[in-house]
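Encoded as structure tokens, the structure appears first; notes follow it.
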Amino acid sequence: MSTGAASVLAWTGAATTMVAGLSLLGTGLIAQSRAATAADLASLAAADAVAVARPHPCDLAAEVATRNGARLLLCEQRGWDVLVTVEVEASPLPAMTARSRAGPGPAELP
């Protein structure tokens with residue numbers, strides 16, 4: 001094998017490794033964004049349910065999270081606020097989680 005061919009193989013290997021790394025980074029960023037969106041939407045839906053006195057706001061949060069490709073890990077109602085934590089699969093990386101809180105602002109409380 002000539003020196004030129006070895007050099008081409010080395011550069012090809014380095015480029016392949018870089019592309020694979022960037023692909024994993026992109027997968028992680030997309031999964032984290034999906035988790036954040038699902039958490040925000042789930043907490044907003046649950047807070048809206050609390051505001052109109054709908055029973056079981058966390059059931060609604062779980063449904064919204066599922067519809068957005070996430071799994072609800074935690075849902076907690078604290079007065080008028082709802083706190084949620086969701087998880088989104090990011091295979092081959094570990095699952096990504098996100099948290100969100102929604103409820104009326106201080107001036108909006110009844």
Side-chain angles (χ1 to χ4, degrees):
M1 182 182 300
S2 70
T3 306
S7 178
V8 168
L9 285 176
W11 279 105
T12 302
T16 302
T17 301
M18 186 183 313
V19 168
L22 290 173
S23 176
L24 280 175
L25 177 64
T27 298
L29 290 173
I30 289 170
Q32 186 60 47
S33 177
R34 287 180 51 222
T37 299
D40 288 344
L41 292 173
S43 66
L44 286 169
D48 187 52
V50 168
V52 297
R54 180 177 174 190
H56 312 294
C58 288
D59 289 346
L60 181 59
E63 181 182 333
V64 170
T66 300
R67 288 183 181 200
N68 284 281
R71 184 171 63 97
L72 185 68
L73 297 178
L74 173 74
C75 180
E76 182 180 344
Q77 182 180 346
R78 293 184 185 169
W80 291 91
D81 291 347
V82 177
L83 291 83
V84 301
T85 302
V86 302
E87 176 181 74
V88 171
E89 290 300 319
S91 184
L93 300 173
M96 299 292 170
T97 60
R99 296 182 303 184
S100 182
R101 182 199 67 82
E108 299 172 14
L109 292 173

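When reading the values below, keep in mind they use all heavy atoms of this one structure, side chains included, and skip hydrogens, waters and symmetry mates.
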Smallest separation among heavy atoms of A49 and P57, with atom names: CB-CB, 3.9 Å
Set of side chain to side chain donor-acceptor pair (under 3.5 Å) partners for E76, sequence neighbours left out: R78
Please output the side-chain donor-acceptor pairs of residues 33-40 that fall under 3.5 Å, not counting sequence neighbours, one pair per line with the distance.
from: R34; atom 1: NH2; to: G69; atom 2: O; distance (Å): 3.4
from: T37; atom 1: OG1; to: S33; atom 2: O; distance (Å): 3.0
from: D40; atom 1: OD1; to: S100; atom 2: OG; distance (Å): 2.9

Other ILVMFWY residues reachable from L41 by side-chain steps of under 4.5 Å: L60, V64
Pairs meeting criterion side chain to side chain donor-acceptor pair (under 3.5 Å) with involvement of residues 61-71, two or more places apart: E63-R67, R71-E87
For L74 against L72, the heavy-atom pair lying closest together: O-CD1, 3.5 Å
Listed partners of R101 passing salt bridge (charged side-chain N to carboxylate O under 4.0 Å, His left out), at least two apart: D81
Pairs flagged by side chain to side chain donor-acceptor pair (under 3.5 Å) wherever residues 47-61 is involved - sequence neighbours left out: none
Could you list the donor-acceptor pairs under 3.5 angstrom formed between side-chain atoms of residues 9-21 and any protein atom two or more places apart in sequence or on another chain?
from: T12; atom 1: OG1; to: V8; atom 2: O; distance (Å): 2.7
from: T16; atom 1: OG1; to: T12; atom 2: O; distance (Å): 2.8
from: T17; atom 1: OG1; to: G13; atom 2: O; distance (Å): 2.9

Show me the donor-acceptor pairs, under 3.5 Å and distance only, between side chains in residues 90-97 and residues at least two apart or in other chains.
none

Candidate pair V50 and V82, rule side chain to side chain contact (heavy atoms under 4.5 Å, CB included), full reasoning: CA-CA 8 Å; V50 168; V82 177; 3.8 Å; yes
Summary of disulfide bond (SG atoms under 2.5 Å apart) pairs that have at least one residue in residues 40-75, sequence neighbours excluded: C58-C75
